[in-house]
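Start at 1 and go down the list; that is how both ligands and their atoms are numbered. All residue numbers refer to positions in the sequence shown, counting from 1.
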Amino acid sequence: MADARRLLILGGTGEARTVAESAAQMPGLAVTTSLAGRTRAPTAPEGELRSGGFGGANGLAGWLRHDATDAMIDATHPFAAEISRNAADACAALGVPRLVLCRPPWRAQEGDRWIEADTPAEAADALAGNARRVFLSIGSGAIEAFSHLADIQFLVRMVDAPETPLPLNDYSVVTGRGPFETAAETQLLRDHRIDHVVSRNSGGEATYAKIEAARTLALPVVMLRRPPPVAGETVETVDAALNWLNELT
Ligand code: NAP
């Protein structure tokens with residue numbers, strides 16, 4: 001493999017794992033996936049795995065140089081804006097070809113009762129005075145924004161149980177990792193007598209069941225809009241990312 005071309009996949013999503021699976025079969029290509037290292041037992045991707053932050057755009061550029069990376073696919077979550085920005089800067093500085101793989105957002109359809117918000121703080125404002133029992137499924141970093149809503153009971157879904165108490169007055173935690181089923185999600189919302197769902201507009205199928213469940217129960221969904229997309233060549237599907245890779249190698 002001395003002359004293998006080197007691909008870095010920025011991961012943390014199902015799409016990143018699927019790209020790694022196929023890319024690892026391509027002859028003459030050495031594949032490394034990078035994870036932030038936040039989840040306790042991540043599903044191991046095909047190829048090499050590295051874990052933990054790089055130390056900003058400069059740290060990432062240093063890593064790319066040291067690894068002699070030939071190409072990058074940024075397949076991080078649509079809400080992971082910081083790493084995508086760093087990836088754009090680092091690749092631009094070194095002239096490393098970079099592709100963004102980003103699934104399309106969900107679109108509201110008939111029966112959906114979405115209240116769209118641009119920030120977690122705006123989402124919290126939408127709940128204040130209206131909600132009593134809320135299903136919060138937005139990633140641990142955004143929970144703080146709901147801490148002042150002392151009279152709301154929260155059901156918080158997380159991949160791993162938190163190691164320290166959450167900054168909420170009244171809450172319980174349910175752990176789980178997608179894909180989720182609509183019937184089970186509907187039951188969960190019913191069992192906990194949820195009256196509002198808060199979600200990120202993640203797109204994709206793995207976590208869409210809660211949106212379908214909310215529609216079934218005619219519940220309002222406070223939907224966080226995505227941060228602005230990072231600049232650069234972008235595709236929406238794993239197949240398109242693999243085509244890009246084929247043309248490059
Ligand atoms: P973020 O805000 O964009 O990233 C914060 C910092 O975490 C980055 O500056 C970087 O640290 C490090 N980091 C993030 N992704 C990394 C990766 N793939 N490899 C190495 N370091 C990484 O991202 P986030 O929203 O915290 O998400 C963290 C990871 O979880 C992402 O990889 C994402 O794909 C995955 N994920 C996120 C969500 C979500 O809802 N946001 C959902 C599912 C999965 P340094 O600056 O030190 O390099």
Find the distance between CG (Asn130) and NE2 (His196) and round it off to the nearest 0.5 Å.
5.5 Å
Hey, could you give me the CH2/OG1 distance between Trp63 and Thr32, rounded to the nearest 0.5 Å?
5.0 Å
Output all residues satisfying ring-ring contact (aromatic ring centres under 6.0 Å, His included) with Trp114, sequence neighbours left out; order by chain, then residue number.
none
For ligand 1, the residues whose heavy atoms come within less than 4.0 Å (ordered by chain, then number):
Gly11, Gly12, Ser34, Leu35, Ala36, Arg38, Arg50, Gly52, Gly53, Phe54, Gly55, Gly56, Thr76, His77, Phe79, Ala80, Ala81, Glu82, Ile83, Asn86, Arg200
Apply side chain to side chain donor-acceptor pair (under 3.5 Å) to the pair Ser34 and Arg50, showing each step before the final yes or no.
CA-CA 5 Å; Ser34 173; Arg50 70 152 308 279; 2.7 Å; yes
Has Asp170 got a side-chain atom pairing as donor or acceptor with Ile152's backbone, closer than 3.5 angstrom?
no
Given 3.5 Å as the limit, does a donor-acceptor pair link the side chain of Arg103 with the main chain of Thr237, or not?
no
